[in-house]
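Chain identifiers are assigned alphabetically (A, B, ...) following the order of the sequence lines, protein sequences preceding nucleic acid strands; residue numbering begins at 1 within each chain. Predicted, not measured: the structure shown is a model, and the values here were computed from it.
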Amino acid sequence: MPRYQRPTGTLDVLPEDQPYWDYVLTRARRLAELCGFERIDVPVFEVTELFARGVGEGTDIVDKEMYSFQDKGGHSITLRPEFTAGVIRAYIENGMQVRTQPVKLYTYGPIFRYERPQAGRFRQHTQFNVEILGEQDPLADLEVMLLAWDLYAGLGFQELAFQLNSTGCPQCKPGYVEVLRAYYVAHADRICDDCRRRLERSPLRVLDCKAEVCQPVIAEAPHIMDYLCTECEAHFARLREYLDLLGRRYVINHRLVRGLDYYTKTVFEVWAAGIGAQSAVCGGGRYDGLAELLGGPPTPGVGFGSGLERIVMAMKYFGVQVPPLPSPTVFVAHLGPQAGPEAVRLAYALRGAEIGTWIAFGQRGLKSQLREASKRGVRYAVILGEQELVSGMAIVRDMESGEQTQVPVAGVVEWVRERTHAA
RNA sequence: GUGGGUGUGGCCUAAGGGUUAAGGCACCUGGUUGUGGCCCAGGAGAUUGUGGGUUCGAAUCCCACCACUCACCCCA
């Protein structure tokens, strides 16, 4: 028989890691709901066309990272490589533009990108995602950013700061791109081959180039800040004003250009330590033209996606403690064939009273059963044997003190409830 | 897609080419008849990632593939 392994770049989240996931997700949901975000779930796959148009032909994600396949009906289907396109599709398809605007939505689930895995990067990862649809006020940009900030701050991240930039809009971006292109053409002898290619397909990406040779050219490159139209400039200024007022640290990063084509105006990332060469735990921005591009009514939007795996990695790096997940407090041990049915009855009575309970399987010695109880970490072990059946009194053993109490079998549920619910 | 590192029981690690691959953790069972954690004893568990090759002999050397890992690219 072959030994099966998980596919490259996928992860098993084992029970011992679940407390981290649960903690993060619970907090994220809570924060989102406090701001009025409502949960939405969209399919894990969509027609390929949606992502090709939404994310943009020519982006790395669309060109080489999508999990696409033909289904039995001959349709090209793609496992979602990001959330926004699907959420916008759902907004349009369900006529959500008639709801009170803006519509605030959050979701989370698996995202798929065919990449070479490394520290903090996977082929299937999990994102927590929020979107505010139908609002152009920079206050909306602020709100999603603060949500991310508060989440990480609450999780114990240190030295938080936003990486912030504006990518302009259809009014001003093309003008800047021309200026940038002209600048690069003038310095064509001092840039790398990749950048020569980027200049054709996605010119803004040259600013993101890591090649040694390109650094001096990038450093001297014109900033989009100086080419924003008055609307984009005002929008960005308002956002900064809010952030300053609230004391949320950010650094203007002229080189921050994101890998998805749909962004307009605000783009931002949050970086964290402890996740290898990958530093972004969160990336997002505004995408005012996307809904229209996907065939819907003109609908401005802002949002972000945040990688759960990276958040958990950063938490471990920062040494953040998380509370354990609930586990049973009682273990029912039983001796002899007569005691079995009574033990089952008792276990289900306890469970029926919302008291987590393990019951011993098989016919084993008491030693073995208590050993298991000890390892399960329960607070009480109930012992039911022939003697207890005769007397009608079960033995309840406090696993920490070793103290044993005789309790009427019919009163065990109440006895345990008093002791556990009080504390 | 490119480059580096690694690959021994569930986990960690040993075995400088030579007898039945060793140890620790974890797991199971016992240490008298119905009592956990500590201690003691015992047990189960590995075709040494896979396939070739070199050799009288390979976990040890060589090649290929696979996987993991780190980095580039890109991003969450």
For atom CG of Asp12(A) and atom P of rC11(B), their distance in whole Å: 12 Å
Residue whose nearest RNA chain B nucleotide is more 5′ - Tyr114(A) or Gly284(A): Tyr114(A)
Pair pattern of RNA chain B in dot-bracket, where unpaired bases get dots and | marks partners in another strand, Watson-Crick or G-U under 3.5 angstrom: (((((((..((((....[...)))).(((((.......))))).....(((((..]....))))))))))))....
Any residue of residues 358-375 of chain A with a heavy atom less than 4.0 Å from an atom of RNA chain B: Leu366(A), Lys367(A), Ser368(A), Leu370(A), Arg371(A), Ser374(A), Lys375(A)
Separation of rA76(B) C1' from Phe157(A) CZ (nearest whole Å): 12 Å
Trp415(A)-Tyr380(A) aromatic ring centre distance below 6.0 Å: yes
Sugar-phosphate only, base, or nothing, as touched by Gly402(A) at under 4.0 Å among non-hydrogen atoms: base
Distance, rounded to the nearest Å, where Tyr152(A) contributes OH and rA76(B) contributes P: 11 Å
Span that lies between the P atom of rC25(B) and that of rC62(B), in whole angstrom: 35 Å
Rounded C1' spacing from rG16(B) to rC61(B) in Å: 14 Å
Sequence-aligned protein contact record of nucleotides 67-73 of chain B, with B where the base is within under 4.0 Å of a protein heavy atom and S where only the sugar-phosphate is: SSBSBBB
Partners passing ring-ring contact (aromatic ring centres under 6.0 Å, His included) against Tyr317(A) (at least two apart in sequence or in another chain): none
Lys/Arg-Asp/Glu bridge criterion (N-O < 4.0 Å) met for Glu309(A), Arg121(A): no
5' precedence on RNA chain B between Asp398(A) and Leu308(A) (nearest-nucleotide basis): Asp398(A)
Distance, C1' atom - from rU8(B) to rA14(B), rounded to whole angstrom: 10 Å
Residues 137-145 of chain A side chain polar contacts: donor-acceptor under 3.5 Å, at least two apart:
residue: Asp137(A); atom: OD1; partner: Leu139(A); partner atom: N; Å: 2.7
residue: Asp141(A); atom: OD1; partner: His235(A); partner atom: NE2; Å: 3.4
residue: Asp141(A); atom: OD1; partner: Arg286(A); partner atom: NE; Å: 3.1
residue: Asp141(A); atom: OD1; partner: Arg286(A); partner atom: NH2; Å: 2.7
residue: Asp141(A); atom: OD2; partner: His235(A); partner atom: NE2; Å: 2.9
residue: Asp141(A); atom: OD2; partner: Thr266(A); partner atom: OG1; Å: 2.6
residue: Asp141(A); atom: OD2; partner: Arg286(A); partner atom: NE; Å: 3.1
residue: Glu143(A); atom: OE1; partner: Lys104(A); partner atom: NZ; Å: 2.3

Rounded C1' spacing from rU54(B) to rC63(B) in Å: 11 Å
Listed partners of Pro174(A) passing side-chain contact (heavy atoms from CB on, under 4.5 Å), at least two apart: none
Rounded interatomic separation in angstrom, taking CD from Glu16(A) and P from rC11(B): 12 Å
Atom pair distance, as rounded to whole Å: CG in Leu389(A) and C1' in rG34(B): 14 Å
Between rG51(B) and rA58(B) - C1' atom distance, rounded Å: 15 Å
With sequence neighbours excluded, residues passing side-chain contact (heavy atoms from CB on, under 4.5 Å) with Glu178(A): Arg181(A)
Touch class at under 4.0 angstrom, heavy-atom based, for Arg258(A) against every strand present: sugar-phosphate
Atom P, compared across rG4(B) and rG9(B): separation rounded to whole Å: 26 Å
Sugar-phosphate, base or nothing in reach of Gln124(A), heavy atoms under 4.0 Å: nothing
Pairing residues for Glu388(A) by the salt bridge (Lys or Arg N to Asp or Glu O under 4.0 Å) criterion, not counting sequence neighbours: none
Inter-residue atom distance Thr107(A).OG1 - Asp41(A).CG, 0.5 Å rounding: 4.5 Å
Rounded distance in Å - CD (Glu386(A)) to C1' (rU33(B)): 14 Å
With Arg249(A) via side-chain hydrogen bond (donor to acceptor under 3.5 Å, both in side chains) - residues at least two apart: none
ring-ring contact (aromatic ring centres under 6.0 Å, His included) against Tyr348(A), all qualifying residues, sequence neighbours excluded: none
Set of residues satisfying ring-ring contact (aromatic ring centres under 6.0 Å, His included) with respect to Tyr91(A), sequence neighbours excluded: none
Euclidean distance for P, rG49(B) against rC11(B) (whole angstrom): 13 Å
C1' atoms of rC74(B) and rG5(B), separation to the nearest Å: 22 Å
Ring geometry between Phe128(A) and Tyr106(A) (parallel below 30°, tilted from 30 to 60°, perpendicular above 60°): tilted
Tyr263(A) OH to rC74(B) P, straight-line distance once rounded to whole Å: 17 Å
Cut-off 3.5 Å, no hydrogens considered: what does the side-chain donor-acceptor table look like for residues 300-307 of chain A, sequence neighbours left out?
residue: Ser306(A); atom: OG; partner: Tyr152(A); partner atom: OH; Å: 2.4
residue: Ser306(A); atom: OG; partner: Val281(A); partner atom: O; Å: 2.7

Touch class at under 4.0 angstrom, heavy-atom based, for Ile383(A) against every strand present: base
Met315(A) CE - rA76(B) C1' separation (whole Å): 16 Å
